[in-house]
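Below you'll find the structure, written out as structure tokens, and then a few comments.
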2 protein chains.
Amino acid sequence: MAETAPSDPFQAEPALASRLRLAVVRLNRRLRAQRTDSTVTLTQMSALSCLYKFGPLTPGELAAKERVQPPSMTRVIAALEEHGLASRRPHPSDGRQAIVSITDAGLEFVRAEVTARERWLDHRLAELTDAERELLARAAEVIDRMAGT
Amino acid sequence: MAETAPSDPFQAEPALASRLRLAVVRLNRRLRAQRTDSTVTLTQMSALSCLYKFGPLTPGELAAKERVQPPSMTRVIAALEEHGLASRRPHPSDGRQAIVSITDAGLEFVRAEVTARERWLDHRLAELTDAERELLARAAEVIDRMAGT
DNA sequence: TATTGTTATACTCTATAACTATA
DNA sequence: TATAGTTATAGAGTATAACAATA
């Protein structure tokens, strides 16, 4: 049944790119599955966090920061508006643009961070050692920097 | 109330769960965007790697290992079969089940690992320091373990 | 009746192409 | 003509529900 794969590089010493890729794909999948309360999706949360961090932005700026194409961001912004977490107003000097801001409800939502998704990950993190959590904290910075390149 | 954090925990000292979540969401997005050669998607690659690592598995076992629901895996297996990277044969003793194996072409594909996606990540990794790569290698193990919980 | 897997359907996420409005 | 944004459309990824086949 199981013919073991002898002396192959992938199993014995998988390349870092592969290991990291698989780890990220799988954790992303698990995170997206945690949406039982589901007021806001993972993608919307990411954009909302961006508004929280950087303040009001145009749709184009938001798309650039999140590294998605403008049409993708259009839909995310529409969803955030529907939920009352972000609002849009006209640009003061350029009629083509808009300014998207986080609302008070959005601020509260980001600060609360009590989604099922967050709880699931919090529980997983709580099972780790202090050293492992420290490791992940530093890795998260490196990963985010790479993803923003 | 859970008043366990300072007034602005997210921006000043973001919780580990949030930082890791955002980092994973964003790197996943970048990885999925790298599919210019696109013979095999990221999800298919993940399942193929699983067959490579563990040997022949039933669809149910594969779904369990990848932490997806069986109908999702049905589609992934069908795509891998279409590409000639995996094959299915009847279970010897249980007519309900099947055995999915990686083919020679699939082995070659996994070993080659020369997709555009992989190259993109390789380049990003090459820009890091040795210490950062070591950090990510250890983090990948922890992340994969958490995702498999 | 329980288990394994597939089919049908739907929703999220994201992209590219085409369009509108403004500069 | 160039830029910012939206609409239209499509494909990947995933889920749940309903079904068929086998145990």
Side-chain angles (χ1 to χ4, degrees), chain A residues 22 24-48 57-83 86 88-100 116-117 147, chain B residues 24-48 57-83 86 88-100 115-117 147:
Chain A
L22 292 173
V24 165
V25 165
R26 287 170 180 154
L27 183 53
N28 183 268
R29 193 143 61 199
R30 294 305 296 278
L31 287 173
R32 287 188 186 274
Q34 309 298 320
R35 49 175 134 158
T36 46
D37 69 345
S38 189
T39 45
V40 168
T41 71
L42 201 46
T43 296
Q44 290 160 21
M45 192 64 205
S46 186
L48 193 61
L57 296 169
T58 67
E61 289 169 338
L62 198 45
K65 287 207 183 285
E66 285 290 298
R67 295 268 169 179
V68 297
Q69 294 301 308
S72 303
M73 190 49 70
T74 293
R75 295 185 56 171
V76 174
I77 292 169
L80 290 175
E81 268 196 301
E82 262 176 44
H83 288 119
R88 202 187 324 224
R89 64 172 186 273
H91 191 285
S93 62
D94 187 338
R96 296 170 305 181
Q97 299 186 55
I99 306 285
V100 183
R117 187 178 302 126
Chain B
V24 165
V25 165
R26 286 170 180 156
L27 183 53
N28 184 269
R29 193 143 61 197
R30 295 305 295 277
L31 287 172
R32 288 189 186 274
Q34 309 297 319
R35 50 174 131 156
T36 47
D37 70 344
S38 190
T39 45
V40 169
T41 70
L42 201 46
T43 297
Q44 290 160 20
M45 191 67 204
S46 186
L48 193 61
L57 297 169
T58 68
E61 289 169 337
L62 198 46
K65 286 206 182 287
E66 286 289 299
R67 296 269 169 177
V68 297
Q69 294 301 307
S72 304
M73 191 48 70
T74 292
R75 295 181 57 170
V76 174
I77 293 169
L80 289 175
E81 268 196 301
E82 263 177 42
H83 287 119
R88 202 187 326 223
R89 64 173 186 273
H91 191 285
S93 62
D94 187 337
R96 296 170 304 180
Q97 299 187 53
I99 306 286
V100 183
T115 65
R117 187 178 301 125

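Below, chain A is the first sequence line, B the second, and so on; all start at residue 1.
Each of A:V68 and B:P59 was assigned the nucleotide of DNA chain C with the nearest heavy atom; the assignment lying further toward the 5' end belongs to B:P59.
In this structure, B:R30 atom CZ and C:dT14 atom P are separated by 12 Å, rounded to whole Å. In this structure, A:H91 atom NE2 and C:dA23 atom P are separated by 10 Å, rounded to whole Å. The interatomic distance linking A:L48 (CG) with C:dC13 (P) rounds to 13 Å, in whole Å. Separating the CG atom of B:L42 from the P atom of C:dA15 is a distance of 14 Å, rounded to the nearest angstrom.
Shown for residues 73-82 of chain A: residues whose heavy atoms fall under 4.0 angstrom of DNA chain C, namely A:R75.
B:R67 places none of its side-chain heavy atoms less than 4.5 Å from the side chain of A:R26. Counting heavy atoms from C-beta outward, A:H83 and A:L80 have side chains that stay 4.5 Å or more apart. Between A:V100 and A:P59 there is a side-chain heavy-atom pair separated by less than 4.5 Å. For the pair A:R88/A:E81, a side-chain contact is recorded, criterion being any heavy-atom separation below 4.5 Å from C-beta on. Put simply, the side chain of A:R29 reaches to within 4.5 Å of the side chain of A:V25, judged on heavy atoms.
For the atom pair B:I77 CD1 and B:L48 CG, the distance stands at 11.5 Å (nearest 0.5 Å).
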Please produce a list of atom pairs where a protein N or O lies less than 3.5 Å from an N or O of nucleotides 16-23 of chain D.
| unit_1 | atom_1 | unit_2 | atom_2 | d |
| --- | --- | --- | --- | --- |
| D:dT22 | O3' | B:G95 | N | 3.4 |
| D:dA23 | OP1 | B:G95 | N | 2.8 |

